[in-house]
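So that the names make sense, note that chain A is the first sequence line, chain B the second, and so on, each numbered from 1. Scope of the values below: all heavy atoms of this structure, side chains included, with no hydrogens, waters or symmetry mates.
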Protein chains: 2
Amino acid sequence: MPKFMLCAAAMLAVAVSAHAAEGMWTLDNLPKKQMQTQYGFAPDQAWTAHVQRAAVRLAGGCSGSFVSKDGLVMTNHHCVNDCVQQLSSAAKDFIKDGFYAKELKDEKMCPEIELNRLDAIIDTTARVKQATAGLSGEAFSKAQKAEKSKIEAECVAGDKDKTRCDVVELYHGGLYHLYKYHRFQDVRLVFAPELTMAFFGGDPDNFNFPRYDLDIGLLRAYEDGKPAVVADFFPFSKSGAEAGEMTMVVGHPGATQRGLTLTQLETLRDLALPQRLFFGSEYRGLLTRFREESAEHDRIAQHDLFGTENSLKARKGMLEALQDPEVFAYKRKQEQSLRTFVAANAKLKADAGAWDEITRAETVLRNNYWPYRLIEVGAGFNCKYFEYARTLVRGAVEKQKPNAERLREFTESALPQQEQELFSTAPVYPDFEQVKLAWSLTKLRELLGADDPFVQKLFAKESPDAMAARMVKTTQLGDAALRKLLWQGGADALAKSDDPFIQLATAVDPDARAVRKLIEDAVEAPENKAAEKLAAATFAKEGTSVYPDATFTLRLSYGEVKGWEEKGKPVAPFTDIAGAFTRNTGYDPFKLPDSWLAAKDKLNGAQRLDFVTTNDIIGGNSGSPMINRNAEIVGLVFDGNIDSLGGAFWFDERVNRTVAVHSGALLEALDKVYGARRIVDELRPQ
Amino acid sequence: MPKFMLCAAAMLAVAVSAHAAEGMWTLDNLPKKQMQTQYGFAPDQAWTAHVQRAAVRLAGGCSGSFVSKDGLVMTNHHCVNDCVQQLSSAAKDFIKDGFYAKELKDEKMCPEIELNRLDAIIDTTARVKQATAGLSGEAFSKAQKAEKSKIEAECVAGDKDKTRCDVVELYHGGLYHLYKYHRFQDVRLVFAPELTMAFFGGDPDNFNFPRYDLDIGLLRAYEDGKPAVVADFFPFSKSGAEAGEMTMVVGHPGATQRGLTLTQLETLRDLALPQRLFFGSEYRGLLTRFREESAEHDRIAQHDLFGTENSLKARKGMLEALQDPEVFAYKRKQEQSLRTFVAANAKLKADAGAWDEITRAETVLRNNYWPYRLIEVGAGFNCKYFEYARTLVRGAVEKQKPNAERLREFTESALPQQEQELFSTAPVYPDFEQVKLAWSLTKLRELLGADDPFVQKLFAKESPDAMAARMVKTTQLGDAALRKLLWQGGADALAKSDDPFIQLATAVDPDARAVRKLIEDAVEAPENKAAEKLAAATFAKEGTSVYPDATFTLRLSYGEVKGWEEKGKPVAPFTDIAGAFTRNTGYDPFKLPDSWLAAKDKLNGAQRLDFVTTNDIIGGNSGSPMINRNAEIVGLVFDGNIDSLGGAFWFDERVNRTVAVHSGALLEALDKVYGARRIVDELRPQ
């Protein structure tokens with residue numbers, strides 16, 4: 001599950017009435033008229049098709065783009081950080097020192113990165129709706145899953161290694177579109193700067209601007225052992241972005257909640273966000289101290305701490321938005337307007353109960369929030385070995401079932417990604433896994449209560465610490481070859497295994513499946529069904545003049561390079577390279593790497609480094625190309641400003657800004673700091 | 001500041017209309033008629049005077065009572081935990097093993113415990129109000145502080161070593177009473193069980209019931225090197241508490257917020273409580289990991305982690321109460337009722353602006369919440385050395401001023417407690433102090449922002465980690481003798497010191513004083529003034545038939561032994577000793593100590609261990625005696641159930657329960673587990 005999926009329940013409802021730059025538009029429904037009116041530019045069919053195929057998705061939760069005909073892919077450092085860490089060891093730390101493959105043969109395979117290029121969008125709304133007509137609850141849920149799996153299997157048609165097909169719910173059940181992707185699983189690391197430069201300013205500067213980061217990571221897609229040859233890619237613009245220039249972001253925003261009903265927003269404000277923040281804050285403290293214990297601990301927990309801090313900051317921003325009376329007033333007005341429309345419409349007024357149906361479902365969600373997150377989502381078993389064990393245990397059962405009846409993550413279309421993760425050769429660190437497991441088991445006991453029947457069954461008389469120590473000591477699941485054998489051996493092989501994690505994953509599976517089923521049948525199914533009614537009402541009111549909530553599928557946002565006003569003071573849209581040197585203190589996270597200090601005299605201090613635009617993005621857009629109307633790279637999206645965090649719920653053009661690295665700075669640094677001539681030549685505009 | 005002080009702003013307003021057992025009554029205004037009607041018992045003058053002088057306060061933030069004529073004091077283990085830890089070392093861990101002074105000469109002095117016995121209550125309302133008549137803002141604040149300090153100094157009259165005098169604001173400015181205490185600073189540890197028994201069930205069971213804790217700590221007050229001889233003490237009852245029996249709790253509840261206005265409650269719900277919870281959760285994670293690193297780290301951070309977890313659980317309960325729509329609806333109704341009364345009353349209606357004045361003050365508080373907490377309250381400098389340095393730096397300045405003009409914590413009446421803490425011989429652990437300081441400085445930078453002028457000035461180009469390491473390495477303030485010299489040497493000695501903490505405390509003092517002044521003048525002063533108006537209105541409406549919000553002064557609550565219903569199931573009011581053995585898993589925190597396992601056959605398993613009553617208490621009541629109508633000990637208060645946490649805002653008699661150790665279990669354990677004959681003989685009812 002991508003890390004920016006915030007809410008366990010299905011996302012609901014439909015966004016309403018766009019501001020100027022508001023909107024994450026699907027590529028088959030671009031607001032051409034608006035774009036023409038505002039910027040004198042409207043993409044034609046050829047432009048759109050080209051842009052669609054030059055963009056890529058990192059299946060793990062980021063965006064990227066092809067930037068050369070030889071399959072070179074540009075994304076963020078923080079999107080490839082996991083790979084950089086996996087390729088490192090105590091002897092060679094690429095997080096600290098950066099990575100550059102001087103020659104093609106030096107490019108190193110990332111064990112867990114999958115790229116998806118969107119090749120086609122097909123409308124399957126009628127099929128999905130017909131399959132669920134007249135059904136509700138469990139029957140609705142089952143029929144819908146089965147039909148989706150069937151459509152996907154037909155689309156994959158036996159070519160699952162290279163083809164990935166996802167039925168995507170848009171407008172929360174207003175439309176069901178089949179997204180057909182070309183899948184790349186041989187993806188290699190080409191370049192990553194030092195973390196200190198990619199993430200200069202660290203957590204203090206994260207989601208802030210002015211900013212001085214070079215948050216880039218370069219990958220290359222391979223096919224049949226050779227660089228993939230791609231017809232569509234984005235060349236670099238000659239000069240990069242200028243103030244006031246129209247910019248477009250083509251990427252994969254993960255999830256927005258702009259269409260949620262008031263009761264769903266209340267669940268987020270009063271339960272989900274604060275609870276996740278308490279949980280994550282404690283984990284942050286634990287990791288902070290763990291990293292201080294040794295250079296090796298510092299290295300192996302770096303990515304986990306980054307992810308934790310990043311999520312904390314994002315969720316705090318979201319919570320603050322929901323605590324803002326202006327936001328709730330806006331949402332209340334929006335909901336009231338739709339209620340009035342529904343009540344006055346003869347065809348729709350039978351659907352006025354949809355809001356109450358959602359409220360009832362939310363009560364089920366609230367009452368089962370922690371059991372679901374801890375036992376099924378896995379927050380109570382935060383440990384690589386457990387993740388492997390669950391995939392093995394569930395896979396053995398699910399693979400025996402007909403495709404249409406499987407859990408969604410084990411359908412034929414989904415299996416290659418599961419296998420890539422399961423067979424990954426990335427190192428696993430037992431002492432770190434033990435710390436994470438002991439802590440998460442302790443939280444599980446705390447949050448469910450020491451007298452909870454599941455807790456009593458899980459621990460018997462053992463303590464979380466003792467259990468974690470015992471299990472990590474004896475498990476063999478750190479061995480990728482063994483995992484492959486167990487996967488191939490299926491239920492028989494598992495039954496013979498005395499691995500404690502296989503036993504644990506087997507023991508907790510009935511409870512985990514039960515709470516998942518409850519959430520699917522009593523929360524997601526009724527909310528999806530109610531959402532279809534609200535979607536129909538919104539369609540009747542607004543048509544497709546609006547965009548659907550984000551779903552980690554390809555979207556285009558248009559806007560322009562523009563600063564904003566903060567506390568009455570203007571924030572200029574650009575920073576420059578000289579500014580990074582001024583901000584350098586010599587101490588993490590404000591420490592410029594030696595490579596930059598050495599190159600200082602060669603660098604053009606006036607070269608723009610980072611900049612902001614009015615584009616409408618959200619988590620998942622990390623690594624998106626920022627392009628001009630010629631479909632040339634002018635920047636690389638890597639963040640939003642602090643005000644963009646409320647963007648989960650509404651777009652406030654006054655202050656919501658996208659943050660990007662300037663294309664000129666990318667070329668300047670690759671050339672003068674890193675001496676990456678091979679890559680500069682591949683990228684350099686002619 | 002006692003640890004349960006939750007809100008930086010002054011507490012405000014007045015509680016309204018008591019439920020049956022609701023109320024924390026001052027001893028000069030007991031609801032005798034109600035008590036007589038409900039329980040057929042009304043205390044007379046002699047009973048009240050006796051009870052008042054048998055109760056004691058631990059100045060650091062707990063309650064207790066005399067339980068023998070020779071100054072033996074009973075309180076909770078968690079109230080003396082700090083002392084037990086301070087008396088321990090790597091070689092001898094009394095937290096783990098418990099402590100028992102076999103003979104009088106083995107009793108060990110607690111370096112930081114001060115006891116206060118309330119000897120007199122004097123009404124000084126007229127003097128205080130006269131001093132501030134016609135004033136507002138800074139002038140109001142200054143005049144009120146000066147008058148209070150003057151009254152206190154007159155009361156102490158040169159005997160500050162044995163006399164402590166505090167002017168206490170009751171009904172938030174409805175009354176100002178002078179509380180005159182006898183002060184004991186030579187306080188010695190007599191008995192403490194193993195932490196595993198005192199806090200059996202640990203954090204998971206904290207604030208829960210059924211419960212199996214022996215949360216007792218015994219101290220002895222000394223005067224002139226000998227046990228203090230006291231005329232008033234509570235003897236143990238022969239049989240202890242029975243179901244349905246009337247019980248009274250005499251103790252020092254710290255702070256309730258039952259009279260806050262809606263906007264003040266909103267600040268707590270939307271800002272103060274969640275922000276403190278995020279902060280505390282992260283600190284919890286840090287300490288959790290720190291303790292795992294070695295046996296010594298485990299020992300030295302134990303008390304800090306306990307305090308952190310205890311506060312977190314308490315604040316989560318408070319937040320949940322404020323998120324409960326029923327609580328806000330109740331509060332809204334209560335406020336509306338007073339507003340209506342004020343509007344309809346010719347004399348009062350000029351005061352109807354009081355609510356808006358409070359709302360304006362709350363805006364100032366919200367905008368300065370973190371600067372105040374981090375810089376002035378000290379959350380950004382979480383380190384013993386800094387605390388010492390600040391006391392030294394401020395003391396040198398304040399002691400030069402006339403008493404009435406000093407900061408309140410440096411008045412003549414307050415100095416003995418400051419000196420006790422400053423001269424404490426408790427060990428300081430540099431590696432732990434460095435971890436705490438580095439972390440809290442990092443939080444300071446995060447919460448104020450890397451570009452904040454104070455942050456820029458504080459760190460220049462240094463990092464929080466580097467700064468903490470440098471300072472802890474060179475400081476000499478761990479030496480109590482040096483601190484005494486610097487205190488006596490005053491400003492001259494400090495000016496010559498190159499101790500980095502003296503320099504830091506000096507450097508940040510102007511900013512710290514400035515934000516304190518802002519909070520005092522623009523939040524506390526207007527809120528106190530507005531509160532006086534609301535208090536007058538409530539007096540006009542209700543008289544003293546109500547009780548004032550808790551202020552860490554002596555109160556009596558009456559109620560009875562009674563279970564409750566949770567999720568439709570009855571919770572019985574008693575647990576017994578056999579139950580503790582059933583719950584034992586052998587692993588912390590459900591591990592019974594060896595002493596109990598060894599004594600199992602001797603113990604009466606049917607002896608009641610813990611029990612619940614309907615008494616109305618809050619943090620600060622820890623260690624309170626629970627007595628019957630004969631003023632005999634029937635129990636020892638140590639906790640509330642989870643529902644009692646909403647008690648900060650309202651008393652819900654359906655579910656709010658006090659949790660106590662049964663007097664019979666105390667005697668049984670002291671005798672048969674700990675062989676503490678000397679003490680049993682001193683306590684045993686004749």
Side-chain angles (χ1 to χ4, degrees), chain A residues 201-205 208 210 266 269-271 273-275 277-293 308-309 312-313 316 319-320 322-325 435 438-439 442 445-446 449-451 455 459-467 583-591, chain B residues 201-205 208 210 266 269-271 273-275 277-293 308-309 312-313 316 319-320 322-325 435 438-439 442 445-446 449-451 455 459-467 583-591:
Chain A
D203 182 67
D205 277 5
N208 282 336
E266 282 164 2
R269 184 192 63 192
D270 298 338
L271 178 78
L273 285 171
Q275 289 293 328
L277 283 163
F278 302 151
F279 194 89
S281 294
E282 190 177 327
Y283 190 49
R284 181 191 191 187
L286 187 89
L287 291 178
T288 298
R289 184 59 204 158
F290 181 83
R291 289 190 67 194
E292 288 166 356
E293 289 162 354
T308 302
E309 291 185 335
L312 284 172
K313 213 157 179 179
K316 279 181 190 168
L319 181 59
E320 270 165 38
L322 289 181
Q323 285 170 338
D324 179 351
V435 167
W439 179 79
T442 305
R445 183 180 66 185
E446 172 188 328
D451 295 313
V455 171
F459 294 111
K461 296 238 164 188
E462 207 174 17
S463 74
D465 287 347
M467 183 168 160
R583 199 165 181 76
N584 177 41
T585 67
Y587 288 102
D588 263 340
F590 297 99
K591 178 187 173 66
Chain B
D203 182 67
D205 276 5
N208 282 336
E266 282 164 1
R269 184 192 62 190
D270 298 338
L271 179 80
L273 285 171
Q275 289 293 328
L277 283 164
F278 302 150
F279 195 89
S281 295
E282 191 178 324
Y283 190 48
R284 180 191 191 188
L286 188 90
L287 292 178
T288 298
R289 184 59 204 158
F290 182 83
R291 289 190 68 194
E292 287 165 0
E293 289 163 354
T308 302
E309 291 186 335
L312 284 172
K313 212 157 180 179
K316 279 183 189 168
L319 181 60
E320 268 165 39
L322 289 181
Q323 286 170 336
D324 179 350
V435 167
W439 180 79
T442 304
R445 181 179 69 184
E446 172 188 326
D451 295 312
V455 170
F459 294 110
K461 295 236 163 187
E462 208 175 16
S463 74
D465 287 348
M467 184 169 160
R583 200 165 180 75
N584 177 39
T585 67
Y587 288 102
D588 263 338
F590 297 99
K591 179 186 172 68

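Looking at B:L271, there are no atoms closer than 4.5 Å to chain A (heavy atoms on both sides), in backbone or side chain. There is no contact between A:K591 and chain B, counting heavy-atom distances below 4.5 Å. With a 4.5 Å cut-off on non-hydrogen atoms, B:D588 touches chain A through its backbone but not through its side chain. Proximity to chain B (any heavy atom under 4.5 Å) is restricted, for A:F590, to the side chain, taken from C-beta onward. Interface remark: B:Y283 contributes no atoms to any contact with chain A (heavy atom separation under 4.5 Å).
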Q: Before giving the answer on side chain to side chain contact (heavy atoms under 4.5 Å, CB included), spell out for B:Y587 and A:K461 the whole-Å C-alpha distance, their side-chain angles and the decisive distance to 0.1 Å.
A: CA-CA 8 Å; B:Y587 288 102; A:K461 296 238 164 188; 5.6 Å; no

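With respect to chain B, the highest number of heavy-atom pairs below 4.5 Å among A:R269, A:E293, A:E292, A:E320 belongs to A:E293. The choice from A:E446, A:R445, A:R284, A:K316 that makes the most heavy-atom pairs within less than 4.5 Å of chain B is A:R284. Ranking A:L312, A:D451, A:N208 against chain B, the residue ahead of the rest is A:D451, based on heavy-atom pairs under 4.5 Å. Each of B:E462, B:E282, B:E266 has some count of heavy-atom pairs under 4.5 Å with chain A, and the biggest count is that of B:E282.
Qualifying salt bridge (Lys or Arg N to Asp or Glu O under 4.0 Å) partners for A:D205, counting only residues two or more places apart in sequence or in other chains: A:R583.
Looking at every heavy atom in both residues, A:D270 comes nearest to B:Q323 through O-NE2, 3.2 Å.
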